[in-house]
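So you know, we letter chains A, B, ... as the sequences are listed, proteins then strands, and number each from 1. Everything quoted here is computed from the prediction, not taken from an experiment.
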Amino acid sequence: MDCSCAIESQAVPCSISWKRQVGPSQVDDDSWVEEPNVLVLLRLEDFVSMEVQGTADCSEETLRSFAARVMEKTAGRTLALVVVGLEKYFRLEFLSHKLQSRKKLQSVVLSGSQAGGQGKPRKRKGKEAPISELSRVEVEEALVDLQLHAGVQVRVLESWKELGDLASSFTKAVAEAPFKREREKKGFSFYLESEWCRGAKVDRSGKGLAQVWKRQIQQFNRVSLEMAGAVVSKYPSPLLLAQAYRKGSSEQERQNMLADIPVRRGDGVTATTRRIGSELSRRIYLQMTSPNPDLSLDANG
Amino acid sequence: MLDLYHHRREGWLFSPSTPSYKNVLPDQGAGGHCWRREPETVALCLVALRALPEAACPLPPPGQLQPPAPRELALGYVVERKRMADLCSSIIDGRFREQKFRLHQCGLQHPIYLVEDSGTIQHLSLPESTLQQAVINTQVVDGFFVKRTRDVRESAAYLTVMTRHLDRLFGVSSRERSWGEPRESGTETLPPPISVIPPQAQTVREVFARQLMQVSGVSGDKAAAILERYSTPASLLAAYAACLSPQDKEMLLSNTKCGKLQRNLGPTLSKTLAQLYCTPGPLP
DNA sequence: ATAATAGACACACATT
DNA sequence: GTTTAT
DNA sequence: GAATGTGTGTCTATAAT
């Protein structure tokens, strides 16, 4: 595959970004363009530290200021943060409370899973409730704060393998994104619209075209099965309908040509007439005869 | 079926006439925010709403059939809660893409995908890596804010925290402020009022494309390619009429360049379409 | 007299 | 004009 | 596109020197 990976010094430490060779043709031309995504690994110790700073209102770096700093360097690219080992941290901190040997365990987890971890004593205001519960809530607060103020998403992982998988998935997503976006821009939206039946199969001689013709009528808004059937029954092919329009003398006549076609209704009594109606008749007429592709069928006038 | 999309199509999205649904979180009282549950999204879909002040809410002109002005303001935050099992089924039957499309189409500025049961990713009818990729795509490709949650309780906690923060951000103090003006202490802006979005009108081009795609083998690219040359049924019929021989009709579209870079539509579909539009009598 | 064929390759469509 | 082999 | 697998049809090159 024509892609490569390089470890180089980044503007933001521990970050992954992507470049794509764009440009039509020039070979030597290093006209690489940065993809609008950045994945930043945040060391657990730093994350915890920032989260603490956010809780107590110190003037040191907070999660929000960190995000702001990163986004400043990445110039408006979408930022995603990753933190590894938070759950294990919670567990050990909870355990350390029960065993009264907190600092030692912390140092174990930090040096075991991160490079150069250092213990970080936490000061807490007030309560003595389970500290791990409170921490989870505080983290939740910090994440929501980050979401609302910076639009930054934080992915919490528990292993380095997960980080590898994430990098892989992320890379794939970033690579495919432009392709998919272009398809959304160009393609027709009704591809994925609620109830979309795909084309009716038609054999080599033309069987099935009647069904196609009926379903073509159904492509108009607010057309029921029975209405389409009624129209197709009266004009069993597009050409017959077009010829009928050509024979009509006045605009009014052509417009209302289908209006009085009877349509079978539900068994009960219906207030509305059991006809196609002039509105749908007009829409079908415009569709078949108008030279203007951008003409709005629903506009009244 | 009433859902976000259809509400929008009918032009009643976020209008006060939209029936009220059970709030998942209790109302915060006058001026507070609430998450309104939109109907019919099997997976929960919540919209952050705030009551509009009376002054900013002019009464609708009397005797009008038009939808009245909204009495509530959508804050632009919408949460689609999705359990892993639901996500799994949605992906399989194709609903997933549709839902994402509607969420992006509904016009709110901050769509949030709340993925629940992040731990129960296994033993479902889809591989774990597949689901992971799907969620990442939702985040990267669709640009939605993805929040992962272990269970309902975490989801509720998240929504609670979110509500509190929204209250602080868009509280009563900023009520008299004009829309879009930055707040004092941050870059936050109040969302513009989302009132009535009129249903998008069908055009001849759009209907024509849909009609072409009723025949098996004609896809979006193919239809677009045909539309490129004959953008209206009338022009296509005219082209067929201008053909001297039936053979010319059959081949009229055969060399139409499709999709990527200019692949022929081919004689097969060309013949089928010619039959469709040139058969003088009733169709088989 | 005239031309074909296999195979790669896409794409539309169907499944675990 | 319809049939044949590559 | 979730990922992968199935069948239609186009497309491209094809021998031997």
Side-chain angles (χ1 to χ4, degrees), chain A residues 37 165-166 168-193 196-208 211-212 215, chain B residues 82-105 113 115 118 121-144 146 209-210 212-226 247 250-251 253-275:
Chain A
N37 295 67
D165 293 341
L166 179 70
S168 175
S169 298
F170 226 92
T171 300
K172 181 175 182 179
V174 169
E176 293 175 332
F179 175 72
K180 296 176 180 174
R181 293 193 183 287
E182 187 178 341
R183 301 270 294 195
E184 285 184 3
K185 186 178 180 182
K186 292 192 168 180
F188 300 96
S189 54
F190 44 80
Y191 244 71
L192 270 170
E193 213 166 84
W196 177 258
C197 293
R198 50 187 156 265
K201 47 192 193 301
V202 43
D203 76 356
R204 198 174 287 216
S205 62
K207 277 184 197 80
Q211 179 70 5
V212 168
R215 285 167 54 152
Chain B
K82 207 85 173 145
R83 307 185 68 194
M84 269 303 168
D86 302 330
L87 175 63
C88 203
S89 337
S90 297
I91 290 175
I92 292 176
D93 57 32
R95 275 157 38 200
F96 185 52
R97 300 185 71 182
E98 173 201 341
Q99 289 164 176
K100 286 194 296 186
F101 175 77
R102 295 191 317 188
L103 201 52
H104 185 271
Q105 171 95 6
Y113 243 89
V115 180
S118 296
I121 297 185
Q122 258 142 269
H123 340 103
L124 295 173
S125 46
L126 244 43
E128 174 178 349
S129 63
T130 293
L131 295 174
Q132 294 256 25
Q133 189 67 59
V135 176
I136 294 294
N137 287 340
T138 305
Q139 174 176 335
V140 174
V141 179
D142 302 300
F144 295 149
V146 174
R210 301 177 60 135
L212 262 0
M213 289 193 257
Q214 295 312 301
V215 27
S216 177
V218 179
S219 66
D221 286 335
K222 308 276 182 69
I226 297 174
Q247 284 83 349
E250 285 185 357
M251 293 291 105
L253 298 174
S254 184
N255 287 343
T256 303
K257 304 302 187 294
C258 298
K260 156 215 144 180
L261 252 81
Q262 313 271 292
R263 209 172 169 81
N264 280 346
L265 181 66
T268 313
L269 280 180
S270 180
K271 202 160 89 179
T272 302
L273 291 171
Q275 270 184 316

- [ ] Establish, with yes or no, whether the OP1 or OP2 oxygen of E:dA2 is under 4.0 angstrom from a side-chain nitrogen or oxygen of B:R97.
- [x] no
Open item on the list: Need the pair for C:dT2. Rule: Watson-Crick or G-U wobble, both distances under 3.5 Å, any strand; none if unpaired.
Closed with: none
TODO: When you get a sec, tell me which of E:dA2, E:dC11, C:dA14 is the closest nucleotide to the side chain of B:R263?
DONE: E:dC11
Task: Distance, P atom - from D:dT4 to C:dA4, rounded to whole angstrom - done: 16 Å
Open item on the list: Using heavy-atom distances to pick each residue's nearest nucleotide on DNA chain C, tell me which of A:G199 and B:I92 is more 5'.
Closed with: A:G199
Open item on the list: How close do B:L269 and B:S216 get, counting heavy atoms only, and between which atoms?
Closed with: CD2-O, 3.8 Å
TODO: Take the protein atom CG of B:N264 and the nucleotide atom P of C:dC11, then report the distance between them rounded to whole Å.
DONE: 13 Å
- [ ] Take the angle between the ring planes of B:Y113 and B:F144 and call it parallel below 30°, perpendicular above 60°, tilted in between.
- [x] parallel
Task: Distance, C1' atom - from E:dT17 to C:dT2, rounded to whole angstrom - done: 27 Å
Task: B:V146: which of B:T138, B:I136, B:N137 passes side-chain contact (heavy atoms from CB on, under 4.5 Å) - done: B:T138
Open item on the list: By the 4.0 Å heavy-atom rule, please label B:P267 as base, sugar-phosphate, or nothing.
Closed with: sugar-phosphate
TODO: Before giving the answer on salt bridge (Lys or Arg N to Asp or Glu O under 4.0 Å), spell out for B:R102 and B:E98 the whole-Å C-alpha distance, their side-chain angles and the decisive distance to 0.1 Å.
DONE: CA-CA 6 Å; B:R102 295 191 317 188; B:E98 173 201 341; 3.5 Å; yes
TODO: Round to the nearest Å and state the distance from A:K172 atom NZ to E:dA2 atom P.
DONE: 9 Å
Task: Watson-Crick or G-U wobble mate for D:dA5, both contacts under 3.5 Å - done: none
- [ ] Let me know, please, whether B:K260 or B:L126 comes out on the 5' side of the other along DNA chain C by nearest nucleotide.
- [x] B:K260
- [ ] In whole angstrom, give me the gap between the C1' atoms of C:dG7 and D:dG1.
- [x] 34 Å
Task: Any B:L131 side-chain heavy atom under 4.5 Å of B:Q122 side chain - done: no
TODO: Specify the separation, in whole Å, of atom CG of B:L253 and atom C1' of E:dT10.
DONE: 16 Å
Task: E:dA15 and C:dA1, which share atom name P, separated by this distance in whole Å - done: 28 Å
- [ ] Quick one: look up who E:dT8 pairs with, Watson-Crick or G-U, both distances under 3.5 Å, and put none if it's unpaired.
- [x] C:dA10
Task: Least distance between heavy atoms, A:R204 atom then B:Q275 atom - done: O-OE1, 4.1 Å
TODO: Calculate the interatomic distance between B:I91 atom CD1 and C:dT15 atom C1'; express it in whole Å.
DONE: 15 Å
Open item on the list: Could you tell me how far apart B:L261 (CG) and C:dC11 (P) are, to the nearest whole angstrom?
Closed with: 11 Å
Open item on the list: Please report the distance, rounded to the nearest Å, between CG in B:L131 and P in E:dA2.
Closed with: 10 Å
- [ ] With heavy atoms under 4.0 Å as the rule, sort A:R183 into base, sugar-phosphate or nothing.
- [x] base
TODO: Return no unless some side-chain N or O of B:S216 is found under 4.0 Å from OP1 or OP2 of C:dC13.
DONE: yes
Task: B:K222 NZ - C:dC11 C1' separation (whole Å) - done: 6 Å
Open item on the list: Which is more 5' along DNA chain E, the nucleotide nearest B:N137 or the one nearest A:R204? Just name the residue.
Closed with: B:N137
- [ ] Please report, rounded to the nearest Å, how far the C1' atom of E:dA2 is from the CG atom of B:D142.
- [x] 13 Å
Task: Any B:T268 side-chain N or O less than 4.0 Å from OP1/OP2 of E:dT10 - done: yes
